[in-house]
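See structure below.
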Amino acid sequence: MIEEHVSGERADGAPVIRAALPDEVEVIADLHLRARSTYYPDGVPQGDVDWREAWRGSIERPQTQVLCAVEGDRIVGIASFRTPDGARADTVRLFQFHVDPGHWRAGIGTALHRACVQRWRAEGRRTAVLDVHADNARAQAFYARQGWFPDPENPPAEGDHHLDLRFTVTGERTGE
């Protein structure tokens, strides 16, 4: 279930999943940095990127959706997705997906992923794609458990540090 602009926890104990708000950019960027820092052994690349501005742009871009997983009044997970430039309208790219490292293995990622898939179905998406860092075995295992598989159209290139994954969005289109 995706809530709009609420915080807290649902009665079943699952985190509330809702759209990100522009004034949450700093919290989101900090969570993003903490999560990415765990799988880059030599330091986080793209150190010159202003991630606060990048997240602000994602939140404000009409074509991009940014969802937050919230427990109590704290954002503990984030996901952003949109149709990639030049792609078919039924394809969505999961650009960012992060759970606060202090909340790993607590069901946050699964709930957030489920909300993304729910949204993709409602939008009539058929395929989702993403790339994951080759050294991030934890994320690769998570995505595999969710049904992602290596993208046969984009095999890893020699020396590439990312793997392209694909997800088949199944189920009926639903209204929201």
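Note that the structure is predicted; figures quoted are calculated from it, not measured. In what follows, residues are counted from 1 in the order of the sequence shown.
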Evaluate Glu24 against Arg18 for salt bridge (Lys or Arg N to Asp or Glu O under 4.0 Å), listing each step before the verdict. CA-CA 12 Å; Glu24 296 172 323; Arg18 62 162 174 78; 2.4 Å; yes
I'd like to know whether Thr83 forms a side chain to side chain donor-acceptor pair (under 3.5 Å) with Arg125, so could you lay out the CA-CA distance, the side-chain angles of the two residues, the decisive distance to 0.1 Å, and finally the verdict. CA-CA 9 Å; Thr83 301; Arg125 307 301 184 131; 2.5 Å; yes
side-chain contact (heavy atoms from CB on, under 4.5 Å) between Phe142 and Arg105, worked out: CA-CA 10 Å; Phe142 169 80; Arg105 307 292 303 167; over 6 Å; no
For a side-chain contact (heavy atoms from CB on, under 4.5 Å) check, start with the C-alpha distance between Ile59 and Val25, then their side-chain angles and the critical distance, and finish with the verdict. CA-CA 8 Å; Ile59 291 169; Val25 166; 3.9 Å; yes
Are Asp90 and Arg88 close enough, and set up right, to give a salt bridge (Lys or Arg N to Asp or Glu O under 4.0 Å), and what steps lead you there? CA-CA 5 Å; Asp90 67 350; Arg88 294 172 33 154; 2.7 Å; yes
Run the side-chain contact (heavy atoms from CB on, under 4.5 Å) check on Ile108 and Glu71 step by step: do they pass? CA-CA 9 Å; Ile108 304 296; Glu71 283 191 333; 3.3 Å; yes
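Linking Ile, Leu, Val, Met, Phe, Trp and Tyr residues whenever their side-chain heavy atoms come within less than 4.5 Å leaves Val99 and Trp55 in two separate clusters. Residues Leu163 and Val92 share a single hydrophobic cluster, defined by chaining ILVMFWY side chains whose heavy atoms lie under 4.5 Å apart.
Of the candidates Ile78, Leu67, Leu112, Phe97 forms a side chain to side chain contact (heavy atoms under 4.5 Å, CB included) with just one, namely Leu112.
Taking CZ of Arg121 as the reference point, atom SG of Cys116 lies at 12.0 Å (rounded to 0.5 Å). In this structure, Asp131 CG and Asn136 CG are separated by 11.0 Å, a value rounded to the nearest 0.5 Å. To the nearest 0.5 Å, the span separating CD1 on Ile28 from CG on Leu21 amounts to 8.0 Å. With rounding to the nearest 0.5 angstrom, the NE2 atom of His161 is 6.5 Å from the NE2 atom of His133. Summarising the geometry, atom CG belonging to Asp164 is positioned 4.5 Å from atom CG belonging to Asn154; distances are rounded to the nearest 0.5 Å. To the nearest 0.5 Å, atom NE2 of residue His98 and atom CD1 of residue Ile75 are 13.5 Å apart.
Relative to the ring axis of Trp148, Arg166 does not place its NZ or CZ within 45° and under 6.0 Å from the centre.
Minimum interatomic distance between Thr64 and Ser80 (heavy atoms only, all atoms of both residues): CG2-CB, 4.3 Å. Heavy-atom minimum distance, Val169 versus Ala128: CG2-N, 4.3 Å. Minimum heavy-atom separation, Gly77 to Leu31: N-CD1, 3.8 Å. Closest heavy-atom contact between Pro152 and Pro155: O-CD, 3.9 Å. Of all non-hydrogen atoms in Gln140 and Ala134, the two that sit nearest each other are NE2-O, 3.0 Å. Closest of all the heavy-atom pairs between Leu165 and Val132 is CD1-CG1, 3.9 Å.
Annotation: ring-ring contact (aromatic ring centres under 6.0 Å, His included) contacts involving residues 68-95, sequence neighbours excluded, comprise Phe81-Trp120.
Looking at residues two or more places apart in sequence or on another chain, you find no salt bridge (Lys or Arg N to Asp or Glu O under 4.0 Å) involving Asp23. By the side chain to side chain donor-acceptor pair (under 3.5 Å) test, Asp100 is found to be paired with Arg34, Arg74, residues two or more places apart in sequence or in another chain being considered.
Between Thr127 and Val129 the shortest side-chain heavy-atom distance falls below 4.5 Å. Residues Val66 and Ser58 form a side-chain contact, since some pair of their non-hydrogen atoms from C-beta on lies under 4.5 Å apart.
Between His113 and Phe167, the distance separating the two ring centers is shorter than 6.0 angstrom.
Gln65 and Arg82 share no donor-acceptor pair across their side chains, judged by distance under 3.5 Å alone. Side-chain contact of Thr170 with Arg126: a donor-acceptor pair under 3.5 Å is absent, judged by distance alone.
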